[in-house]
Amino acid sequence: MSFQNPVFIPGPTNMPESLRRACDMPTLDHRSAMFADILHPARDGVRKVLRSETAEVYIFPATGTGGWEVAITNTLNPGDTVLAARNGMFSHRWIDMCQRHGLKVEVVETPWGEGIPADRFEEILTADKDHRIKAVLATHNETATGVLSDIAAVRRAMNAADHPALLFVDGVSSIASMPFEFDDWGVDVAVTGSQKGFMLPAGLAITGFSKKALAAVETAGLPRCFYDIRDMARTYAANGYPYTPAVGLLHGLKVSCGMIEAEGLDNVFARHARIAEGVRAAVKAWGLTLCAARPELYSNSVSAIRTPEGFDATRIVTHAAETYGVAFGVGLGEVAGKVFRIGHLGMLTDVLALSGIATAEMAMVDLGLNVKLGSGVAAAQEVYRKTAAPVALAAE
Ligand SMILES: *Cc1c(COP(=O)(O)O)cnc(C)c1O
């Protein structure tokens, strides 16, 4: 069978046909005006999605992981200290990257399933009288656990401590799917990738820099070359790129931002919230719980679902892939085998979400879990029926 089911992994996400087509371009000269007409609208579009008036957007041929490296190497010096909470696989990997770059990381070990402990950050920052800590790293949405942290609270903690550190936010699985306020939260560097909320193939590291972060670039001593935003800034000013850009992806990004703007950013967030609510209703009907400890922490882009003690949650993922041709996310790191994940970000609709819920249900029943066929689907249907709004059907 060559038909493609939607995927329910939290990235890469399903691609709208219009975006697949937007990425499929003939070769064009990236030193021509045609390229400028892709690059600048893409950067402007990203700035709007970040909800910023002033962020400088730099886009690299890389992935979200490369974006982390863009953030740290352009702003910090060898031996600098950064503060971060470890509450899942992605925050862990960013910490690991910092250590490999010779940074000292003040790690706040946080239970997986909890959010960033802003109060603990405030204590640490208040105690850091000589401002050893140069940056605070915050993973907005921990994709491994389905936990959304409160970045406004992290900013308040920094302000309460009157601390000058930069605020770096990993928004890889939140930007363009959940509210993200670059200016209001005082974010200094935001990082995302093309293959999650932007619904594109992987291949772009998308970053936004504040004025304060740009000032730090002048004195940052960490080695960088490919990721040096000074080369990006210089060549952008001449409508170019420091090396060969991923033109098709950048064009896709321009079109994606246009799609998001046409739907309305708030409507995009509301759609994600509604779809996530249906998934959570299904989880409840299955008698299962989320890895996220409390409702305030629930992510609208991914749900990590705990399976009963003694049951290897990875079997659900393997079985659904082998039997039904549908992809779910496995548990990572500390929660490997304990959770499986339903990704619900990107181009999903309620109808698509129902197919994922139905498939997860079949897989769990096949594997002997005490779940009733149709129970989760019915619970989600109730949510979707009650919250359905007239659909503007658009031909793609
Ligand atoms: C996916 C993801 C990343 C890693 O992005 P890549 O594009 O795979 O390098 C980093 N952080 C979070 C929160 C993610 O969800």
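First listed ligand is number 1; within each ligand, the first listed atom is number 1. Computed from a predicted model, the values in this text were never measured in an experiment.
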For Thr63, atoms of ligand 1 separated by under 4.0 Å from a heavy atom:
6 (P), 7 (O), 9 (O)
Backbone or side chain, does any N or O of Gln195 fall under 3.5 Å from an N or O of ligand 1?
yes
Near Asn141, which atoms of ligand 1 are under 4.0 Å from a heavy atom of that residue?
13 (C)
Taking all atoms of both residues into account, what is the closest heavy-atom pair of Gly66 and Tyr227, and its distance?
CA-OH, 3.4 Å
Measure the distances from the heavy atoms of Ser173 to every atom of ligand 1 and state whether one is below 4.0 angstrom.
yes
Nearest neighbour in protein (non-hydrogen) for atom 14 (C) of ligand 1
Lys196 NZ, 3.0 Å
Shortest non-hydrogen contact between Gly252 and Cys23, atoms and distance:
CA-SG, 3.9 Å
Looking at CZ of Phe198 and CG of Leu345, how far apart are the two atoms once the value is rounded to the nearest 0.5 Å?
11.5 Å
Test of proximity, Trp68 against ligand 1: N or O pairs below 3.5 Å:
no
Protein heavy-atom partner closest to atom 13 (C) of ligand 1 - residue, atom, separation in Å:
Thr143 OG1, 3.2 Å
With a 6.0 Å cut-off on ring centres, are Phe180 and Trp185 close enough?
yes
Decide whether a cation-pi geometry holds between Lys196 and Phe90; the criteria are a distance under 6.0 Å from NZ or CZ to the six-membered ring centre and an angle within 45° of the ring axis.
yes
Quick one: do Arg120 and Glu123 make a salt bridge, cutoff under 4.0 Å?
yes
Heavy-atom nearest neighbour in the protein, as seen from atom 4 (C) of ligand 1, with distance rounded to 0.1 Å:
Thr65 OG1, 3.8 Å
Would you kindly specify which portion of Val172 sits under 4.0 Å from ligand 1, judged on non-hydrogen atoms: side chain, backbone, both or neither?
side chain
Which part of Asp170 is near ligand 1, with near meaning a heavy atom under 4.0 Å away: side chain, backbone, both or neither?
side chain
Taking NZ, NE, NH1 and NH2 as the nitrogens, is one of them in Arg43 or Glu56 under 4.0 Å from a carboxylate oxygen of the other?
yes
